[in-house]
Asker: 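Input: one structure, supplied below.
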Amino acid sequence: GAVVSQHPSWVICKSGTSVKIECRSLDFQATTMFWYRQFPKQSLMLMATSNEGSKATYEQGVEKDKFLINHASLTLSTLTVTSAHPEDSSFYICSARALGSGRDKNIQYFGAGTRLSVL
Amino acid sequence: RKEVEQDPGPFNVPEGATVAFNCTYSNSASQSFFWYRQDCRKEPKLLMSVYSSGNEDGRFTAQLNRASQYISLLIRDSKLSDSATYLCVVNAAGANNLFFGTGTRLTVIP
């Protein structure tokens, strides 16, 4: 399957600092990438849809000024958690949608995730 | 009502057993359906797509019932390595994003 690289895999930071997470599609171009957050024993929750060359679309309840998304190229999207606080500690996962067709067109491939711990 | 609902389990089955997971979705206009597998503290990985005609991949069989808005996954001859959380995933009708069920936790016991 397609490969999506996410970096870093683990971040520990002090409250108030900003953290940048990168998501790259390694062997395909992705006009659309997605950012999810997953708290322990809960399902993935979509935070935002990242569109190459345009503004991200945020889900209801997600602060766009706190979670900055940039999708400057067809292979790279970044999520910056600004002024992180302990309640932002979570597992952040990106995914990319490959340009399939037919019934496979909505398959998403996931990065390995970033575990953020804010002290 | 949630977009996707699944029995969270846990399901604890012996090696070699057959186990079935079920999932329902609320939006009748949904077009794409998947089963993903997620190991503890790891990212979800695509297990298989679910087609209207049903599909089989080795020990895994997926079925879709559009009339009942119901998806199933059958695992035959369970292996220890099948232990994971299985996520039922449905696309948002008319959009690019996916909706995930809360997952069904499976533990295969020696």
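A note on names: the letters A, B, ... follow the listed sequences, proteins ahead of strands, and every chain is numbered from 1.
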Asker: Examine whether an atom of L98(B) lies under 4.5 Å from a heavy atom of chain A, and if so say whether it belongs to the side chain, the backbone or both; otherwise answer neither.
Answerer: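 Contact with chain A involves both backbone and side-chain atoms of L98(B).
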Asker: Please step through side chain to side chain donor-acceptor pair (under 3.5 Å) for the pair S77(A) and S50(A), ending with a clear verdict.
Answerer: CA-CA 7 Å; S77(A) 175; S50(A) 173; 3.0 Å; yes
Asker: If you count heavy-atom pairs under 4.5 Å between each of P44(B), G103(B), G101(B) and chain A, which one has the most?
Answerer: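 Winner by heavy-atom pair count: P44(B).
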Asker: For Q6(A), is it the side chain, the backbone, both, or neither that has a heavy atom closer than 4.5 Å to a heavy atom of chain B?
Answerer: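 No part of Q6(A) comes within 4.5 Å of chain B.
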Asker: Using 30° and 60° as the class limits, which term best fits the ring planes of Y36(A) and F34(A): parallel, tilted or perpendicular?
Answerer: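 Y36(A) vs F34(A) ring planes: tilted.
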Asker: Please rank G111(A), S9(A), A112(A) by heavy-atom pairs under 4.5 Å with chain B and give me the top one.
Answerer: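 Top option by heavy-atom pairs under 4.5 Å: A112(A).
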Asker: Whether the side chain of R37(B) engages the backbone of Y86(B) through a donor-acceptor N/O pair (distance < 3.5 Å, no angle test) should be reported.
Answerer: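 No; judged by distance alone, with no hydrogens or angles, the pair does not exist.
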Asker: Chain B heavy atoms under 4.5 Å from F110(A): which part of the residue, side chain, backbone, both or neither?
Answerer: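 Answer is both: backbone and side chain atoms of F110(A) are under 4.5 Å from chain B.
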Asker: Identify which part of L44(A) has an atom lying under 4.5 Å from any heavy atom of chain B, answering side chain, backbone, both or neither.
Answerer: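 Looking at L44(A), backbone and side chain both touch chain B.
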Asker: May I ask you to say whether E59(A) pairs ionically with K64(A), meaning some side-chain N is under 4.0 Å from a carboxylate O?
Answerer: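 Here E59(A) does not pair with K64(A) in a salt bridge, since their nearest N and O are not under 4.0 Å apart.
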Asker: For D39(B), is there an ion pair with K45(B) - N to carboxylate O distance below 4.0 angstrom?
Answerer: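 Between D39(B) and K45(B) there is no salt bridge, as every charged N stays at least 4.0 Å from the carboxylate O atoms.
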Asker: Given a strict heavy-atom distance threshold of 4.5 Å, which part of R41(B) is in contact with chain A: side chain, backbone, both, or neither?
Answerer: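 Both backbone and side chain of R41(B) come within 4.5 Å of chain A.
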Asker: Quick check: Y25(B) with F33(B) (ring centres under 6.0 Å apart)?
Answerer: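 Yes, ring centres under 6.0 Å apart.
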